[in-house]
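We name chains A, B, ... by the order of the sequence lines, and we start the count at 1 in each one.
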Amino acid sequence: MTKSELTRRFFLQGSGTIMGHALARAGAPAILAVLQSACSARDERAAFTNLTEAEAREVIAIAARIVPTTNTPGATEAGVVYFVDSALNTFLADSSDFVHAQLAEFQAAVATSLPSVGLFSELEAAAQDKYLRSIEDTAFFSGARFLTIAGVFGMSSWGGNKKETGWRLVGMDGPPHAWTVPFGYYDAQYLSEQTDDV
Amino acid sequence: MTFEASVRFPLAKPVDFVIVGSGSAGGILAKELSTAGFSVVLLEQGPYRQAADFTHDELAVLVFNELGGGGNKAAQQTFRSDPDKIAIVPSRQPAGYAQTVGGSSVHFTANFWRFRESDFKERSLFGAINGTNFTDWPITYRELEPYYTKVDWEIGVSGAPGPHDSFRSKPFPMPPIAVKSSGVLLERGARKLGLTAQVEPLAILSRPHNNRPPCIGCGFCMGFGCEVGAKSSTLAAMIPLALASGNCEIRAESAVFRIGTNGNGKVDKVFYYDADKNERAQKARAVIVCANGAETPRLLLNSSSDAFPDGLANSSGFVGRNLMFNGHARSSGLFEHPLNDFKGVQVTRMIHDFYESDPARGFYGGGGIDVRPFVAAMPLAYAAIGGVPGAPTWGAEFKAHLEQDFVRSMSLFCGTTSLPQDSNNITIDPTHKDNWGRPSIRVTYKDHEDDMAMAAFLQDRSMELFDAAGALKSWRAPIEQQNGGVHLLGTCRMGNDAKTSVIDKFHRSHDVSNLFLCDGSSLVSSGRGQPTMTIMALAFRAAEHIAAAARNNEV
């Protein structure tokens, strides 16, 4: 089996797990559509270059709790895992060993705390949240939060923010980032009043 | 980023002027002197980026400090608030500035207030302030006004006169940028409180001007370069004219480490490391240092010699002293409907009702309040550090806040006075060196109690403005002692007395007749938080006098 096939299999499996959690949480058909779309986009992606399958699964699961998929796309659809994988080639290249060690430590700690499940990615969403709350003050969580945010909201050239998921999430239309009046509710009202005066 | 020079000057043959630093002042001096027929070598430690090189990449610009030379990992600046303590290398660079052709005029927010008549004579108006070097300028607003006007028209400033402005000899060259929702809300709040929200003058084009295009409203002004050249940086407005003169050679990625002097006590060469870190020396008839209020004193202090044991041009001991960052305060708020303040320029309205110092307040100081999205123009930054205090920082509720609040928030930003103090200064760190091997900048800084009081006063007014504007919720960012700044002012002040200043009122060093200094370091007082317009006006004025002196063989 080739690496890309492995990755493809991983994604189908990994995304399915996340999908199950999300649906269990919200039960909304819209989520299914969003995630199916995300899975389809993922299948077209190349293999990871740095993360192992196991690591990637944990990264996806952690990021999905930091910026979850609700009735709108979140970290999973933004492709945060690709951002992290790519970062290990670029700005985290010098810290690659450290990042892998941190992930291993995280996985080991989860296995110790929750021996019946073993993997963070296999926990139910509520249990994942509970576990992350218990490590909120750690450098690991702080780093994971930052990487998730950077992967959701940064430029897509870094590997994340697929289809401008992050920008659209906060209400920004996608590129080219060039806008004219009216910008918002209050200046539109102001312009309208001025026009009325004329 | 490759750049083919239009003219090349040999190192061993003296050029008329070497200018160190291509920012707000250096870019103007290069253009003015080269178009006047003088040969100019412009040395810039950063690369030559052009408009097409600028992006909205928050990770590269805000996190990795791409435009600032990589941040403090490279600069190794040190900081301390207590002069008796050993300064440490913090993660955030204490004295911040861009390293790129055009300098900090490339990444600044482009708020462009003129100083007022009172700014130049506050010592006479309010008297001495204990423990400070508070003094009048050697020039007046009237003397500088023609050069403010030159900046308006040659650099490109949009705006409209405000009720509190000092006189102007010519109208703005173009109308204001369209008001945003945040500006409308500030007007609403101000009106209820009996204040005036006036148009923010901006070094951003509202319509085509001098063969440059107008603003496209992308929202990435603060900290970013302008991808269309509508922001009136010296990169956009001056450098092309300097190059077109055929008399100006720009040497980017050239880090100056020393200015050399001859036996006559004059400067005669500038030593720098080129892009390959090879040591070079350019000969010059005169040198103009425009490296900013931190780099200029560092260069002078690193250029000590037997003739100048305390640093070049430092017989007064004032090189590096009186560092002023301007004080700052911020408050933020949420409104019912979307403002979409990420669209358009950062600031369209401001309040200058509290500009003048008022002894009735019980402390010296003044300032302005402007309205801007702040980080609500930048999704990554907003998600990482913005938002309502106390709100969840991850999870579904966090995400819901982002979806709801990003488009509904704005901030009121207060810029205030800083008092000049001996104990706030730039010196050379005895231990650390930057990535070029130059002894590092050491910043020693502690805000004066009056500066802290003024910041708190304006923040109180800001909270009243939020209430009056109908904010659903508003909150204060804590006002704390500053441990860094990007307004780097006062460290080589101008003055008539060679014992208490570094340069004369025409920017010539008191000690070295062919050495000139012009940048934020020249300022005597701090204004109220937007110094670039004044730095540029000083540069046009300095250029005129330096050119006249050169023609008369007086350099």
Quick one: of B/Gly219, B/Ala376, B/Ala396, who has the most non-hydrogen atom pairs under 4.5 Å with chain A? B/Ala396
Quick one: do A/Arg65 and A/Asp129 make a salt bridge, cutoff under 4.0 Å? yes
Of the backbone (N, CA, C, O) and the side chain (C-beta and beyond), which part of B/Leu185 lies under 4.5 Å from a heavy atom of chain A, both, or neither? side chain
Please classify the contact of B/Val63 with chain A as side chain, backbone, both or neither, using a heavy-atom distance under 4.5 Å. side chain
Who pairs with A/Val117 by side chain to side chain contact (heavy atoms under 4.5 Å, CB included), at least two apart in sequence or on another chain? A/Glu122, A/Leu123
Answer key: most heavy-atom pairs under 4.5 Å with chain A among B/Phe398, B/Trp394, B/Phe220, B/Tyr382 is B/Trp394
With a 4.5 angstrom heavy-atom cut-off, could you sort out which part of B/Glu187 is near chain A: side chain, backbone, both or neither? side chain
Ignoring hydrogens and angles, state whether a donor on the side chain of B/His337 or A/Gln189 is under 3.5 Å from an acceptor on the partner side chain. no
Return the set of residues passing side-chain hydrogen bond (donor to acceptor under 3.5 Å, both in side chains) with B/Asn111 (not counting sequence neighbours), or none when no residue passes. none
Are the ring centres of B/Phe342 and B/Phe406 closer than 6.0 Å? yes
Result for side chain to side chain contact (heavy atoms under 4.5 Å, CB included) between B/Arg207 and one of B/Cys215, B/Ser158, B/Pro175 points to B/Pro175
With B/Gln198 via side-chain hydrogen bond (donor to acceptor under 3.5 Å, both in side chains) - residues at least two apart: B/Asp165
B/Thr393 portion near chain A, given a 4.5 angstrom heavy-atom threshold: both
On the six-membered ring of A/Phe141, is A/Arg133 placed so that its NZ or CZ lies under 6.0 angstrom from the centre and within 45° of the ring axis? no
Step through it carefully: locate the ring centre of B/Phe335, locate the ring centre of A/Tyr185, and say whether they are under 6.0 Å apart. no
Heavy-atom proximity to chain B below 4.5 Å, by part of A/Leu191: neither
Does the ring centre of B/Phe64 sit less than 6.0 Å away from the ring centre of A/Trp158? yes
Measure distances from B/Ala469 to the heavy atoms of chain A and classify the residue's part below 4.5 Å as side chain, backbone, both or neither. neither
Given heavy-atom pairs under 4.5 angstrom as the criterion, report whether the side chain, backbone, both or neither of A/Tyr190 touches chain B. side chain
Ordered numerically, the heavy-atom neighbours of chain B under 4.5 Å found in residues 83-92 of chain A are A/Phe83, A/Phe91
Side chain from CB out, backbone as N, CA, C, O: work out which of these in A/Val181 comes under 4.5 Å of a heavy atom of chain B, or both, or neither. side chain
Test B/Ser182 against every option in B/Gln346, B/Arg372, B/Met410 by the side chain to side chain contact (heavy atoms under 4.5 Å, CB included) rule and name the one that passes. B/Met410
